[in-house]
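Proteins come first, then strands; the chains are lettered A, B, ... in the order of their sequence lines, and each starts at number 1. Please read these numbers as outputs of a predicted model, since none were measured by experiment.
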Amino acid sequence: MSSSTLLMHFYETLLASLGPSQWWPGETPFEICVGAVLTQNTNWSNVQKAINNLKSRDLLHPEKMASLDDELLAELIRPSGYFRIKARRLKNLLEFLRLECAYHLPDLSSQDLQQLRDKLLQVKGIGPETADSILLYALEKPSFVVDAYTSRILNRHLLVHEDIDYHELRDFFMDRLPRDVALYNEYHALLVRTGKKWCNKNNPRCDGCPLGSYL
DNA sequence: TTCCTGCACT
DNA sequence: AGTGCGGGAA
């Protein structure tokens, strides 16, 4: 079986087993961008607390957030961890949004994917995973998101080597799958859900895993 | 105590 | 390649 076919089998198996994910959790493109920064190396439940702190004060809007001083913003997002550096990263992203689209995120979607991705990666604090999360989930661009779970799952199924880097792994998917936003959206979500529940870092629980039959 | 949908800096 | 950033939940 080709690796392309196997990737689609993985997808269909996970979707049939777990059901659709309805990702990304977030009511607006901007909220999705904020969540993408806050969830860097951080449990989503902690991100949710930080988002709620902002939302309950009606601060989850670019203009309002940009006018907050860094100290207050950091305090509000404290539950998400790395709060000082993440406050700075949010401000960096806000400055990008101001310059690029005057805070009107849908305007970004007219830009070419590769060009927009390069620009996002120049923002301090926006790395490849955060950039692709914003592109895919906030802007609905067909940019596949990979993460620690993705490489772990594919490595344990002998599809890629252990130390594959981010862009190699992203290309692995994008070279083998149709460039489809809905497919990329759901595939990444399913891999994260699988990683959290079964494909743990130190103690994988292959019994009961939807992909167990592929081992 | 470990781990969490990373990234920048040295 | 190694390290700092960090609170919260299991």
Side-chain angles (χ1 to χ4, degrees), chain A residues 10-11 14 18 20-26 29 31-54 70-96 117-139 141 143-156 160 162-170 172-174 181 183-205 209 211:
Chain A
F10 273 29
Y11 175 76
L14 289 173
L18 303 180
S21 307
Q22 301 182 341
W23 268 31
W24 182 292
E31 180 176 342
I32 292 169
C33 293
V34 171
V37 171
L38 294 184
T39 199
Q40 290 169 357
N41 201 36
T42 299
N43 191 298
W44 183 259
S45 68
N46 291 355
V47 175
Q48 198 58 257
K49 296 175 190 301
I51 298 261
N52 287 341
N53 282 345
L54 296 168
D70 288 14
E71 283 297 314
L72 176 55
L73 180 56
E75 201 53 41
L76 291 169
I77 66 172
R78 175 185 278 268
S80 71
Y82 305 143
F83 50 91
R84 293 183 189 88
I85 193 167
K86 281 177 179 174
R88 173 41 49 190
R89 289 174 180 181
L90 287 175
K91 287 297 188 73
N92 293 344
L93 176 60
L94 283 162
E95 179 62 6
F96 168 82
R117 190 172 191 275
D118 289 341
K119 289 182 187 175
L120 277 169
L121 290 175
Q122 289 173 18
V123 179
K124 290 300 178 191
I126 307 295
E129 184 178 344
T130 308
D132 288 328
S133 297
I134 290 170
L135 289 164
L136 181 62
Y137 290 103
L139 304 178
K141 294 284 191 180
S143 198
F144 201 91
V145 182
V146 303
D147 57 19
Y149 291 133
T150 315
S151 62
R152 190 183 307 157
I153 291 170
L154 262 64
N155 172 256
R156 284 175 175 166
V160 302
E162 172 75 61
D163 55 353
I164 187 170
D165 72 29
Y166 185 94
H167 288 100
E168 287 177 330
L169 188 54
R170 178 176 182 265
F172 184 85
F173 279 90
M174 293 186 69
V181 171
L183 172 65
Y184 288 6
N185 178 321
E186 186 60 49
Y187 208 148
H188 173 64
L190 288 166
L191 287 171
V192 172
R193 292 166 68 199
T194 302
K196 288 165 72 91
K197 192 160 186 179
W198 292 283
C199 210
N200 307 80
K201 193 172 189 177
N202 293 325
N203 192 22
R205 305 170 46 246
C209 174
L211 298 179

Give A:Thr150 one of three labels, base, sugar-phosphate or nothing, depending on what nucleic acid heavy atoms sit under 4.0 Å from its own. nothing

What's the CD1-C1' distance between A:Ile85 and C:dG7, to the nearest Å? 15 Å

Across the strands shown, which category fits A:Arg152 at heavy-atom distances under 4.0 angstrom: base, sugar-phosphate, nothing? sugar-phosphate

For A:Lys196, which contact category applies under a 4.0 Å heavy-atom criterion: base, sugar-phosphate, or nothing? base

Between C1' on C:dA10 and NZ on A:Lys197, what's the gap in Å once rounded to a whole number? 16 Å

Whole Å only: how far is the CZ atom of A:Arg170 from the C1' atom of B:dG6? 16 Å

Classify the side-chain pair A:Thr150/A:Arg170 by whether it contains a donor and acceptor separated by less than 3.5 Å. no

Looking only at side-chain N and O atoms, does A:Lys86 come under 4.0 Å of OP1 or OP2 in B:dC7? no

Suppose you measure atom P in B:dC4 against the same atom in C:dA1; what distance do you get, rounded to whole Å? 22 Å

C:dG8 P sits how many Å from A:Gln48 CD, rounded? 15 Å

Taking the P atom in each of C:dG8 and B:dC7, what is the distance between them to the nearest angstrom? 23 Å

Answer with base, sugar-phosphate or nothing: what part of the nucleic acid does A:Leu191 contact at a heavy-atom distance below 4.0 Å? nothing

Within the structure, does a side-chain N or O atom of A:Arg84 lie under 4.0 Å from either OP1 or OP2 of C:dC5? no

Phosphate OP1/OP2 of B:dC7: any A:Thr130 side-chain N/O under 4.0 Å: yes

Assign A:Val146 to base, sugar-phosphate, or nothing according to its heavy-atom contacts below 4.0 angstrom with the strands shown. nothing

Parallel, tilted or perpendicular: rings of A:Phe173 and A:Phe144 (30°, 60°): parallel

Rounded to whole Å, the CG-P distance (A:Asn41 to B:dC9) equals 17 Å

Kindly confirm whether the side-chain ring of A:Trp23 is stacked on the base of B:dT5, judged by centres under 5.5 Å and planes under 30°. yes

Most 5' of A:Asn43 and A:Arg89 on DNA chain C, judged by nearest nucleotide: A:Arg89

